[in-house]
Amino acid sequence: MKKHLISAADLSREDALRILDTAEELAQVSERSIKKLPTLRGRTVVNLFFEDSTRTRISFEAAAKRLSADVINFSAKGSSVSKGESLKDTALTLQAMGADAVVIRHGASGAPQNLTQWVSGSVVNAGDGTHEHPTQALLDAFTMRRRLGDLAGRRVAIVGDVLHSRVARSNVLLLHTLGAQVTLVAPPTLLPVAVDAWPCEVSYDLDAVLPKSDVVMMLRVQQERMNAAFFPSAREYSRRYGLDRDRMARIHDDAIVMHPGPMNRGMEIAAEVADSARSTIVEQVANGVTVRMAVLYLLLGGSEPAIGGTL
Amino acid sequence: MSITIKNARILGGDPADIRIENGAVAEIGTGLSGGETVDADGLVALPGLVDLHTHLREPGREDAETVETGTRAAARGGYTAVHAMANTSPVADTAGVVEQVWRLGQEAGHCDVQPVGAVTIGLKGERLAELGAMADSAARVRVFSDDGLCVNDAVLMRRALEYVKAFDGVVAQHAQEPRLTEGAQMNEGEVSGRLGLAGWPAAAEEAIIARDCLLAAHVGSRLHVCHVSTAGSVEIIRWAKSKGWNVTAEVTPHHLLLTDERAETYDPIYKVNPPLRTAEDVSALRAALADGTIDCVATDHAPHPVEDKETEWAAAAMGMIGLETALSVVQETMVDTGLLDWAGVADRMSYRPARIGRLTGHGRAIEAGAPANITLYDPSVRETVDPTAFASRSRNTPYIGMSLPGRVVATFLRGRPTVLEGKIA
Ligand SMILES: [Zn+2]
């Protein structure tokens, strides 16, 4: 594995499978109700969050704590920190504190990459601007694997605001690495101009894609996009690209429905769909902790096995 | 004061001696002598370079550059005249400010500083600045530009183009449709999509250029297009010129060499406006400079202090310095590739920009009677770009660590050396 996890493209197929397999073992351990492992005792993990994301921060924090790491939460949101010179200054502070890993969430694409110049520990991208969110893709792949088995040849539809989605970027890259076939479904305004260069297919027609999908991943669509004319109205968006009960009927019986959260119920996904048995939304949250444990363990190269001698 | 330059290859030709007397070229021949001797064995002699697009940052951002440091950088780059852009603080939108910049240039003495006047008051794009007053001032402004911002209002642009005809001025447009580029971070294309950086589409440049060419033709004015960056812009300018319209254009060295793939590191040293484009754009720009569709090379030298570049991409300032590397980049991209000979370089980096800016004392062939504005250049060396050696106050060069050919050995401004042995004289 590379030292940092900035992009899903940093992971070879072997790396990705190693993370998923490690996460699987960790999940089994925590299902046996051993909540805490000594693996990263004495190591320091800093959560550096420039954007509000309680869910992701808590997930990383729980992951690090279950591995017995010391966790420092550094929330830059709302403080005087707003420009990048502060990113550098903050990084130098963390460096002085001896952070072994820095988990960073930042509103600017590329900020985790910039951070690698200034800290000596591993940098984990917990979401940067409209670039990537690789641990989300890993937890999504983990969730899919638990439900569907091997992902090679599986068909995954990713539906919604691909243009602004770091989740979509990371998922396309990771799922391609794992041999799945991805189809992006969105109105043309919410796709990047050169999306044909991505390792996936593209469709504007959700109804045509649904019947052949094993996984339907709905992306959050912000209503503000409407004001920038990406689509005419929330209602029209919902009608053409929302996953409602009628559309659910077109999905085959074993297919699953995913959402990275937070959801706009009634916009991109109907409440009864989100709450149905096909939905993995709650599992995704639980799996997030396990997958992030695996990532931190493997990046920090814990000298001890993750789980007393079994790995 | 007299100087004899020995064995210089004028525009790359056979070695000849150039005798300089009282600021002018007195004689060209062989076996000349008189006054101090400068050995130019193996060096190419070019007419002093003229930059149509320099940000000297003074007044207002003296932490990034001053007229003194910027003109030292210009001299080291082989320039004898630079056009100082108007986006200073205060903006160069009055006779007072342009005269101040002009005087600072005179006092510095490293090269002539020809101020550019703002088109609109405060670069706000609302009301015309007093263009006539700036033209009539001691600075004798002929080039007007809101550079950094586009004169977006079509009526205002039309009026500006018309108005400057009264004093043979030209409007230099920074072509950027503002709505299409809100929040734009880099060229919109495959790389921007992958990096998740908001795109700056080529069409936002091309749409303004097309409109302005039509306006210039309609009112019979001169239009100059700043920093052309796309293949589509080249096609539009070629079409406008084929109609006989009075349109000129410039390209920067960085757009001749670098592509948007540089952004993959997220190092804001590559963040510039207009952004670095694709390899296809680069080859179209080179071809256009070679065939004269693009008239000249202009640096868009844009100094920024370190802290404005040591940030995440979106927060970083746009722009790169270029005065001290321009000729080397032109050698690398145009001469060593066989697209231009040294006579072509003289045309694109001295004659034509001087003509566009209406500078009568610059951009003249090296011949008896002409002002002795001369650059001696050694094209045979290759050096690694080291910004700590620059005269510029800023260090934001995208070429750091790259190997580039050539070196300016000496620069003469009206017979007086401003650079000798590569150092400020
Ligand atoms: Zn400009």
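Letters A, B, ... mirror the listed sequences (proteins, then strands); counts begin at 1. Every value quoted in this text rests on a predicted model; they were computed, and no experiment measured them.
The NZ atom of A/Lys88 sits 11.0 Å away from atom OG1 of B/Thr311, with the distance rounded to the nearest 0.5 Å. Considering CG of A/Asn114 and CG of B/Asp267, their distance stands at 7.5 Å, rounded to 0.5 Å.
Taking a 6.0 Å sphere around NZ of B/Lys124, one finds it holds 12 or fewer heavy atoms contributed by other residues, nucleotides or ligands. Heavy-atom contacts from other residues, nucleotides or ligands closer than 6.0 Å to CZ of B/Arg238 number more than 12.
At a threshold of 4.5 Å between non-hydrogen side-chain atoms, the residues B/Tyr266 and A/Ser109 count as touching. Counting heavy atoms from C-beta on, the side chains of B/Arg194 and A/Arg169 never come closer than 4.5 Å.
In terms of heavy-atom proximity, A/Ala194 sits nearest to B/Gly189 at CB-C, 3.7 Å. Here the shortest heavy-atom pairing between A/Gln113 and B/Thr265 reads CG-O, 3.5 Å.
Ranked by heavy-atom pairs shorter than 4.5 Å toward chain B, the options A/Asp196, A/Leu115, A/Thr130, A/Asp128 are led by A/Thr130.
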